[in-house]
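Written below as structure tokens is the structure these notes are about.
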Amino acid sequence: MNANLEEQKKGKYVLIRDGEDSELGGLFYKPLPCFGCGIGWFSFLLGFFFPIAWYVATFLYFINYYRRDPRERSGLAASAIAALIFSVGLVITVLVLVFSGR
């Protein structure tokens, strides 16, 4: 511990470790859930078959789920964008069908 204080006083960087993962190499050494790609990207891919997955991931994005693991942020954001595009496309399709006179 004294060596860390001396290095910090000299202006050197000190490695911060998590309690349970100190021997493994860091805080984000653990693999992501859902086959290692994370909840966000898994929801993004699953959303092409079940679009409700995009809305679930969007909800997780808006409640700041990515604060648990910042690696999840990009996948959740991609799912939120996909949900927006799908919603706009769905609204346009419904409006065209309603006002086309069929």
Side-chain angles (χ1 to χ4, degrees):
M1 184 72 177
N2 289 334
N4 285 343
L5 286 174
E6 291 173 10
E7 288 181 10
Q8 195 172 17
K9 288 179 183 176
K10 291 179 184 177
K12 295 184 178 180
Y13 291 105
V14 179
L15 180 62
I16 298 174
R17 295 180 180 257
D18 189 17
E20 65 184 38
D21 292 332
S22 61
E23 69 276 354
L24 296 177
L27 182 62
F28 300 118
Y29 182 76
K30 297 176 187 172
L32 290 170
C34 296
F35 307 109
C37 66
I39 294 171
W41 287 114
F42 184 75
S43 297
F44 178 75
L45 295 173
L46 188 64
F48 289 104
F49 301 103
F50 305 104
I52 193 74
W54 287 331
Y55 295 104
V56 171
T58 302
F59 176 74
L60 290 175
Y61 182 72
F62 285 131
I63 63 167
N64 294 331
Y65 178 79
Y66 56 84
R67 287 193 183 184
R68 291 184 184 178
D69 192 347
R71 298 177 292 173
E72 292 279 1
R73 188 175 194 169
S74 60
L76 293 173
S79 294
I81 293 168
L84 176 69
I85 292 170
F86 179 76
S87 298
V88 168
L90 186 65
V91 167
I92 290 172
T93 302
V94 168
L95 289 176
V96 166
L97 290 176
V98 167
F99 292 113
S100 67
R102 287 187 175 188

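Predicted model only: the values in this text are computed from it and were never measured. In this chain, numbering begins with 1 at the start of the sequence shown.
With values rounded to the nearest 0.5 angstrom, Cys34 atom SG is found 10.5 Å from Leu45 atom CG. Rounding to the nearest 0.5 Å gives a distance of 12.5 Å between CG of Leu84 and OG of Ser79. Taking CG of Leu46 as the start and CH2 of Trp41 as the end, the distance is 14.5 Å to the nearest 0.5 Å. In this structure, Arg73 CZ and Tyr65 OH are separated by 15.0 Å, a value rounded to the nearest 0.5 Å. With rounding to the nearest 0.5 Å, the separation of CG in Leu90 from CG in Leu95 is 9.5 Å. Of the inter-residue distances, the one linking Thr58 atom OG1 with Ile52 atom CD1 reads 10.0 Å to the nearest 0.5 angstrom.
The two residues Tyr61 and Ala80 have their closest heavy-atom pair at CD2-CB, 4.5 Å. Closest of all the heavy-atom pairs between Phe86 and Tyr55 is CD2-OH, 3.3 Å. The heavy-atom pair separating Trp54 from Ala82 by the smallest distance is CE2-CB, 3.6 Å.
There is no path of hydrophobic side-chain contacts, each under 4.5 Å, that joins Phe62 to Ile81. Note: the hydrophobic cluster containing Ile85 does not contain Ile92 (ILVMFWY, side chain heavy atoms under 4.5 Å, direct or indirect links).
Taking the six-membered ring for Trp and thresholds of 30 and 60 degrees, Phe42 and Phe35 have ring planes inclined between 30 and 60 degrees apart.
Taking Phe59 as the reference, Ile63 meet the side-chain contact (heavy atoms from CB on, under 4.5 Å) condition, with sequence neighbours excluded. Checked against ring-ring contact (aromatic ring centres under 6.0 Å, His included), Phe49 has no partners two or more places apart in sequence or in another chain.
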